[in-house]
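Structure, as structure tokens:
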Amino acid sequence: MQLDRVDARSRLKVRRDAYWQRLAQGRYVGFRRLAASTPGTWLARIYRDEGYEYKPLGDFAQLEPGERFDAAKVAAEEWFRHLDHGGSTARATVKVACEAYVENRRIEKSDAAAADVRGRYERLVYDDPIARVELTKLAPRHLADWKGRVIAKGGTRGSYNRNATALRAALNLSYRRRDVASDHAWREELKPLDNAARRRTLYLDGAKRRRLVDVSTDEARPLFRTLNMLPMRPGDVAKLRVEYLQRQQRALEIPTGKAEAR
């Protein structure tokens, strides 16, 4: 079947079964049109372990009709290479990729590192539409839409970069584990935003800090008072325990920071 010719595809009968063109032994690119008014969709097929496996490739409707076969062929061959190198055909989603990365941080780093990325995913990924997208179907537009939704929620450019870095790390791990054939979907869309790493120079003076302590609730006052006395992250203060205080040495051990205990 000559699927590479537009005129040949236009003469194909509408049907559910795909038409196939052989690329190599046991490897095919396919074309299916379920209605005459649609551009049709493309598929890949490979023979492995005494049976065929399939992958939908999309319709490539954004391309000119004469360019669609070549695009489908490239996508199919990319999938074949993915499988040749031990890649998986399992239908993992973005959420599954994030969950796998949380476990990876727990094993290779620490519980604190795992909790940090899990918190970011719970705030910005797990309840977002992108969580349900299968890795094999992930496209740059999915990441662009996610970026727009995250930025719309507010925060600094730096905070966006940190959240995007966490998502990019999860997707890169899936790529290294061959759960997905390519990183093209996020390679550009999740690049850090420019001008986001500048040091913050706005500080409350002594009077304003004392005012903040005075007007805070009884529950929050110890937090603000500690922040006024010691250079610590708010999250580190919230995790302090009495046992970390060494009164005779007038010292406080902080074991819960991002770096080693100090």
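Excluded from the calculations below are hydrogen atoms, water molecules and symmetry mates; all remaining heavy atoms, backbone and side chain alike, are included.
- Of all heavy-atom pairs spanning Leu43 and Ala18, the tightest one is CD1-CB, 4.0 Å.
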Solution key, residues 205-212 side-chain donor-acceptor pairs under 3.5 Å, sequence neighbours excluded:
| residue | atom | partner | partner atom | Å |
| --- | --- | --- | --- | --- |
| Asp205 | OD1 | Ala207 | N | 3.2 |
| Asp205 | OD1 | Lys208 | N | 2.8 |
| Arg209 | NH1 | Leu204 | O | 2.5 |

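- For the side chain to side chain contact (heavy atoms under 4.5 Å, CB included) test, residues two or more places apart in sequence or in another chain that qualify with Arg33 are Val14, Phe31, Thr38.
- Asn163 places a side-chain N or O within donor-acceptor distance of the main-chain N or O of Ser159, the cut-off being under 3.5 Å.
- Side chains of Arg149 and Pro129 form a contact here, defined as non-hydrogen atoms less than 4.5 Å apart.
- Among Tyr52, Phe80, Tyr28, the one residue that satisfies the ring pair (Phe, Tyr, Trp, His ring centres under 6.0 Å) test with Tyr47 is Tyr52.
- Sparse packing is recorded around CD of Glu219, with 12 or fewer heavy atoms of other residues, nucleotides or ligands lying under 6.0 Å away.
- Across Asp183, Val94, Val180, a single residue satisfies side-chain contact (heavy atoms from CB on, under 4.5 Å) together with Leu138, and that is Val94.
- In this structure, CH2 on Trp42 lies 13.0 Å from OH on Tyr19, to the nearest 0.5 angstrom.
- Aromatic ring orientation, Tyr175 versus Trp186: perpendicular (interplanar angle above 60°, classes split at 30° and 60°).
- Within the model, atoms CZ of Arg105 and CD of Glu108 stand 5.5 Å from one another, a figure rounded to the nearest 0.5 Å.
- Around atom NZ of Lys147, more than 12 heavy atoms belonging to other residues, nucleotides or ligands sit under 6.0 Å away.
- Under the 3.5 Å distance criterion, the side-chain polar atoms of Arg27 are left unmatched by any main-chain donor or acceptor of Leu23.
- For the pair Phe69 and Val29, the tightest heavy-atom approach, listed with the atom from each and the gap, is CE1-CG1, 3.6 Å.
- For the residue pair Ala71 and Leu63, the shortest heavy atom distance occurs at CB-CD1, 3.5 Å.
- A donor and an acceptor atom, one from each side chain of Thr165 and Arg168, are located under 3.5 Å apart.
- The main-chain N or O of Gly40 is never found under 3.5 Å from a side-chain atom of Asp59 such that the two would form a donor-acceptor pair.
- Annotation: the span from Ile46 atom CD1 to Leu83 atom CG amounts to 5.0 Å, rounded to 0.5 Å.
- Side chains of Pro39 and Arg68 form a contact here, defined as non-hydrogen atoms less than 4.5 Å apart.
- The OG1 atom of Thr41 sits 9.0 Å away from the CG atom of Leu57 when rounded to the nearest 0.5 Å.
- Between the NZ atom in Lys55 and the OG1 atom in Thr136 there is a gap of 4.0 Å [rounded to 0.5 Å].
- With values rounded to the nearest 0.5 angstrom, Lys95 atom NZ is found 14.0 Å from Leu135 atom CG.
- For the residue pair His184 and Pro140, the shortest heavy atom distance occurs at O-CG, 4.1 Å.
- Counting heavy-atom neighbours within 6.0 Å of Arg15 CZ, excluding the residue itself, gives a total above 12.
- Minimum interatomic distance between Glu253 and Leu240 (heavy atoms only, all atoms of both residues): O-CD2, 4.4 Å.
- Between Tyr160 and Trp146, the two ring planes are tilted [angle within 30° to 60°].
- Listed for the Arg32 side chain is a donor-acceptor partner under 3.5 Å among the backbone atoms of Arg16.
- Closest approach of Phe224 and Ser216 over heavy atoms only: CD1-CB, 3.6 Å.
- Taking a cutoff of 4.0 Å between a charged side-chain nitrogen and a carboxylate oxygen, Asp218 and Arg221 qualify as a salt bridge.
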